[in-house]
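Here's the structure we're looking at; comments come further down.
In this text, all values refer to a predicted model and were calculated from it rather than measured experimentally.
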Amino acid sequence: IGSMQSKLLPHVELLGFEKRFFPSQHYVYMLMVKWNDLSEKLIYRGYPEIYTFHKSLKEMFPIEAGDIDKKDRIIPALPAPKWLDNQKSTETRQSTLAEYCGSLINLPPKISRSQLVRSLFKVRPEDENPPAQHPLKRNETFVVSNDKTRDNTSEISGPIILESYRVIADYSHTSKYEVTLHIGDLVEIVEKSPNGWWFCQCDTKRGWVPASYLEPLDGPEESEEADPNYAGELYITTKAYKAAQDDELTLETGETIEVIHKLLDGWWVVRKGEETGHFPSMFLYRTGEKKEMASEEHVMRRQTPPPRRSTIRNAQSIHSKGRQRISQDTYRRNSRRFLQQKGSRPNQPRKTSKASTQSPLQDWNNRDNIPKTAGSSPGGELKGAPIIPPRPSPELIMERCTENTRKKVSVRKSS
């Protein structure tokens, strides 16, 4: 009993929150818990867990929760989690949560010292050894104010500055989670999802918008796009898609394909055998990463791919000229050349009649594109096509296609 008495918690202080990227993007609050024996422990708790605790507490103490008579309520209120936890809501909820914790530990001992309250604040193994980081993105920490900085939270960066983008064409929302945009609007980007839907705020509105309708203020929209990577990365389709345009691929669920170009509008160029074409990235997951993608998808609540950039007239683009779009011809030619140089494919395309009937990209397209010889001069028959670059590292590819590369690299270097 003595040790339990010494572990009564007299003080909980909210230090800030952390943005984590693994197993998928989420936020956890950082709480400093001071116990009677003067030990201080930093713990991390997600808002949904705190809210679930809150509901259990009300069930355990119905009188104090005001369920029997409203005037008896002493348990503080706590708003339900939002459908989507974004950085803004996590930030604005801090003062509510700090107040809630303060009220909680000042309740009568039968509540404040109950097993339920103690187990919420008790240090856990994952508090002392936080879970694995995302292999490529560091967790980002946001502190309530600089004077609260402590040794335990040395990973501190300042509050993030949201990037501004300009809207290049009118967009009407198609679900309550999206926002309607007008040409020339300026929006701030809260989160860039690689599936082509970005979460933004525009004046007082917040919601998802297609990245293809936005351009950065300081350069053509392709500046953040990775170059094609003809070596390809293996992905598996999570949903069938039937091509709606000539340069898209029709694929069934569960097919393994190679991604050769990750484009910001969420329509990636993929290779299946000898064929290439655009495919919605939201219906793909990298081999070995199914769980991450499944939880990501649940958060997004998205069934529909965003509109493709090629379908939008850049009516008010302030950039005279973005990078030339690469044609499917060029993708196929460079792909074939790469595969031949690696020696992993015969010179002739191996086609099955099944593949050619399923796909809009017909056999004859490919036959025209076979390079004359592997050694022919690259400039000759590949007018304007990029020469195959050395394969960038996976880190570089991932960073380029999801975040503003320069910012990430500088963060990495400074650490």
Side-chain angles (χ1 to χ4, degrees), residues 17 19 21 24-27 47-48 79-94 96 140 142 159-225 239 244 262-268 280-283 293 295-319 322 401-404 407:
F17 63 92
K19 180 181 185 178
F21 299 96
S24 65
Q25 185 174 295
H26 64 289
Y27 298 87
Y47 194 76
K82 295 200 164 29
W83 73 273
L84 174 86
D85 244 346
N86 62 44
Q87 194 163 309
K88 202 75 190 150
S89 65
T90 305
E91 211 170 301
T92 49
R93 226 165 24 200
Q94 288 183 125
T96 313
E140 294 167 24
F142 304 91
I160 203 159
I161 306 299
L162 299 180
E163 290 174 272
S164 290
Y165 277 66
R166 179 181 274 102
V167 178
I168 54 174
D170 287 342
Y171 175 72
S172 297
H173 70 273
T174 58
S175 87
K176 64 178 178 178
Y177 304 122
E178 297 170 23
V179 287
T180 293
L181 300 174
H182 301 291
I183 280 191
D185 282 352
L186 287 185
V187 300
E188 291 184 303
I189 308 303
V190 178
E191 183 188 330
K192 295 177 177 180
S193 175
N195 66 15
W197 289 103
W198 288 5
F199 195 84
C200 75
Q201 50 194 47
C202 180
D203 300 327
T204 55
K205 300 176 297 186
R206 289 202 190 97
W208 296 99
V209 297
S212 47
Y213 279 77
L214 306 173
E215 67 177 7
L217 306 184
D218 54 359
E221 62 256 53
E222 289 87 355
S223 60
E224 299 171 60
E225 239 159 48
K239 199 170 173 181
K262 294 178 175 177
L263 300 171
L264 286 177
D265 66 358
W267 287 81
W268 292 356
S281 69
M282 65 188 308
F283 299 156
M293 293 309 288
S295 56
E296 200 80 38
E297 216 168 84
H298 170 67
V299 171
M300 293 294 297
R301 304 223 173 159
R302 284 239 153 266
Q303 295 307 313
T304 49
R308 285 182 55 189
R309 183 179 292 157
S310 55
T311 63
I312 295 154
R313 261 182 218 291
N314 290 18
Q316 279 212 349
S317 173
I318 52 171
H319 305 302
C401 73
T402 56
E403 296 284 336
N404 184 315
K407 207 183 285 176

Salt bridge (Lys or Arg N to Asp or Glu O under 4.0 Å) partners for R308, two or more places apart: D247, E248
Evaluation steps, side chain to side chain contact (heavy atoms under 4.5 Å, CB included), between V209 and V187: CA-CA 10 Å; V209 297; V187 300; 5.7 Å; no
Trace of the side chain to side chain contact (heavy atoms under 4.5 Å, CB included) decision for W198 with L264: CA-CA 10 Å; W198 288 5; L264 286 177; 4.2 Å; yes
Short side-chain to backbone donor-acceptor contact, D265 and R309, under 3.5 Å: yes
Point-to-point distance, once rounded to the nearest 0.5 Å, from CZ of F17 to CD of E91: 4.5 Å
Side-chain touch D170/L181, heavy atoms, less than 4.5 angstrom: no
Any donor-acceptor N/O pair, T311 side chain to P307 backbone, under 3.5 Å: no
Expected output: side-chain S281 to main-chain W268 donor-acceptor under 3.5 Å: no
Closest approach of L186 to C202 (non-hydrogen atoms, all atoms of both residues): O-SG, 3.9 Å
With H182 via side chain to side chain donor-acceptor pair (under 3.5 Å) - residues at least two apart: none
Closest non-hydrogen atom pair between M282 and W197, with its separation: SD-NE1, 4.4 Å
Donor-acceptor side-chain pairing of Y171 and E178 below 3.5 angstrom: yes
Minimal non-hydrogen separation, I312 against S212, with atom names: CD1-OG, 3.3 Å
Qualifying residues under side-chain contact (heavy atoms from CB on, under 4.5 Å), relative to T96, sequence neighbours excluded: P79
Verdict with supporting geometry, I168 and I183, side chain to side chain contact (heavy atoms under 4.5 Å, CB included): CA-CA 5 Å; I168 54 174; I183 280 191; over 6 Å; no
4.5 Å side-chain heavy-atom contact, W267 and P305: yes
Heavy-atom side-chain contact between V179 and W208 under 4.5 Å: no
Results of side chain to side chain donor-acceptor pair (under 3.5 Å) for T180 - residues two or more places apart only: H173
With sequence neighbours excluded, residues passing ring-ring contact (aromatic ring centres under 6.0 Å, His included) with Y47: none
Student check: side-chain heavy atoms of Q201 and F199 closer than 4.5 Å: no
Nearest-0.5 Å distance, CG of residue L214 to CZ of residue R166: 11.5 Å
Heavy-atom pair with the smallest gap, counting every atom of P81 and P48: CG-CA, 4.3 Å
